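Structure, as structure tokens:
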Amino acid sequence: MAWYSETTTVKKNSKKELWVKCKKCQSHIYNTEWQENHNVCPNCNYHDSITSYERINLIFDENTFVELFDNISPADSLNFVDLKGSYKDKYEANIKKTGISESVVTGHGKINGIPAVIAVMDFRFLGGSLGSGTGEKILQAANYAYDNNLPYIVFSASGGARMQEGALSLMQMAKTCAGVARLNKKNIPYISVLTNPTTGGVSASYAMVGDLNIAEPGALIAFAGRRVIEQTIGEKLPDDFQTAEYLLEHGFIDSIVNRKDMKAYLSNILSFYSNKSN
Amino acid sequence: MGLEFENTDVLIEEQKMTDKQKSNKKELTAWEIVSISRHPKRPVLQDYLSLIVDNFVELHGDRYFSDDKAMIGGFAEIGDQKVMLIGHNKGKNTNEHIARNFGMAKPDGYRKALRLMKLAERFKIPIVTIIDTPGAFPGLEAEERGQAEAIAKNLTEMASLEVPVICVVIGEGGSGGALGIGVGDKVLMLSNAIYSVISPEGCASILWRDAAFAPDAAEAMNITAKALLKHGVIDEIIEEPEEGAHSDYKAIAESVKKAIVKNIKPLKKLSVEELIQHRFEKFSGMGKFSINQSATSR
Ligand SMILES: [Zn+2]
């Protein structure tokens, strides 16, 4: 079975605009500087989205990443149609647009020489939503880590469960957590990295049950949406509500790590797990 | 793509069945079933407690913060089975609805549920969960205390519980708030209950930009027991009396009791390894996706 593909070619942002406007501080940054900084604002440290492959390049040693389970893509099992058209048309357009076949890219590689299995969600693909294909890839990657006794790292970036798959998407929460449960039983390290945004059904499943939950600065991490909560309680919420910093303060994440430091941070953590000294 | 938990409004209003629905045997629409599942007279957990549960010993509190009255639990006898019974309880009148937060549990509720499940596991007591919630509570303190973490932890822990787990969706199976006690070896569902990733109103307001399209969203999302059985999300449908569970409490309670007892017995014969392996395989198989362009179902 062709689980493997060749080392993935990394797709670079080919946009040629000279300036990028930071979504947070509104400053204009040279595009080249923005990209060299991996979509992090040099002015305010806003961590903008990056693609799965850009992330993988940042984390894994050069030419070590082997993609797995990239033959999995969505299926429109409910024949879902809303006002804007069919789910099938929507995900097919997303496959074309992004060049990836689901909202997560999975594989294994080395982080400063330490082997690990990784799943990296891509917010460009249907808002990183958790569909059956997403859940399948995250579970398969967990199973690969389980079978090969390798640490598992998941980078989340998701608006939540994928409504167009109805309860099947909801069940992906249970499915992925079942994979995590098996890793726990076998004492295989599982590190969850929450990036902007990690909300809804993804926050309420695999993203929040890492042995370690790490977040990028400023990431929105939430179960319910701000607007819904404001409607429920009838008042405005504080500005930092549901940010990575807020969650750190309330005890739900271990650390906030800048994108540029993430690789060194992860390999340092993994070195403790693989410590065989006397 | 918006947050899938937006607009999980609680629409508990008088839903009158039309004469046509009453007299006609034709299949109900998804939206008609939504109305029945939210019928103000629909039996809730406390009705089942008084009708089919003997010797209920309620246990309170999560040991961390509070006793969430939206989620109750305790030792219970159902037929000849001694179980740990855990479930959402909506309450039966306005005062109770408010006291029990319309069955919308906070993290405290999910943590209480997990505490009781782990207790049951230690003493080899089968677990029965009763699901009936519009969703987990979307409030400031719920977020502050880790609603997402509480549900995620339950999903993870339930996957490897060493005792049989039976889940019964009796009314509304609202999203993560339902699934938070819904990872079972057998998932049963009343014929007019619903189980969904988001409320029809919430889905409509995001994908149709208007909550008034909720009937369309309900249809599109396949939220009925019949559709979910077909898609492998649930294992068995418990048939309600023709006019809905609210028309005959005794009849539906008796059916629920029979279904629970019938499903527990064979599970008790499995070894712990078999039980956990079967549960893992059951949830591993959830969902449909494509492999190399060709759609597959598994
Ligand atoms: Zn900035």
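In the text below, chain A, chain B and the rest are named by the order of the sequence lines, each starting its count at 1. Owing to the predicted nature of the structure, the values given are computational and were not obtained by experimental measurement.
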Under 4.5 Å from any heavy atom of chain A - which part of B:R279: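 Neither part, no heavy atoms under 4.5 Å.
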
If I measure from the heavy atoms of chain A, does B:S160 come under 4.5 Å with its side chain, its backbone, both, or neither?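 Both backbone and side chain.
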
Can you give each donor-acceptor pair under 3.5 Å made by side-chain atoms of residues 177-191 of chain A, sequence neighbours left out, with the distance rounded to 0.1 Å?
from: A:R182; atom 1: NH2; to: A:N143; atom 2: OD1; distance (Å): 3.2
from: A:K186; atom 1: NZ; to: A:Y146; atom 2: O; distance (Å): 2.7
from: A:Y190; atom 1: OH; to: A:Y206; atom 2: O; distance (Å): 2.6

Just wondering, do [Y] and [X] contact through their side chains at under 4.5 Å, heavy atoms?
X	Y	result
B:S290	A:I72	no
B:M286	A:L168	no
A:L170	B:S175	yes
B:W208	A:K84	no
B:M221	A:F80	yes
A:M163	B:I206	yes
B:H231	A:L78	yes
B:L179	A:M171	yes

Relative to chain B, which of A:S203, A:G133, A:A207 shows the most heavy atom pairs under 4.5 Å?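 Of A:S203, A:G133, A:A207, A:S203 has the most heavy-atom pairs under 4.5 Å with chain B.
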
Heavy-atom pair count under 4.5 Å with chain B, highest-scoring of A:Q172, A:E235, A:E102: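 Ranked by contacts with chain B, first place is A:Q172.
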
I need the B:F280 CZ to A:K175 NZ distance, nearest 0.5 Å.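 Result: 10.0 Å between the selected atoms.
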
Look up atom CD1 in B:I291 and atom CD in A:E136, then write down how far apart they are to the nearest 0.5 Å.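 CD of A:E136 is found 7.0 Å from CD1 of B:I291.
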
One pair to check against side chain to side chain contact (heavy atoms under 4.5 Å, CB included): A:F223 and B:I151. What are the steps and the verdict? CA-CA 10 Å; A:F223 176 67; B:I151 291 172; 3.8 Å; yes

Under a 4.5 Å cutoff for heavy-atom pairs, which residue among B:L140, B:V233, B:V183 has the most contacts with chain A?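 Greatest number of close heavy-atom pairs with chain A: B:L140.
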
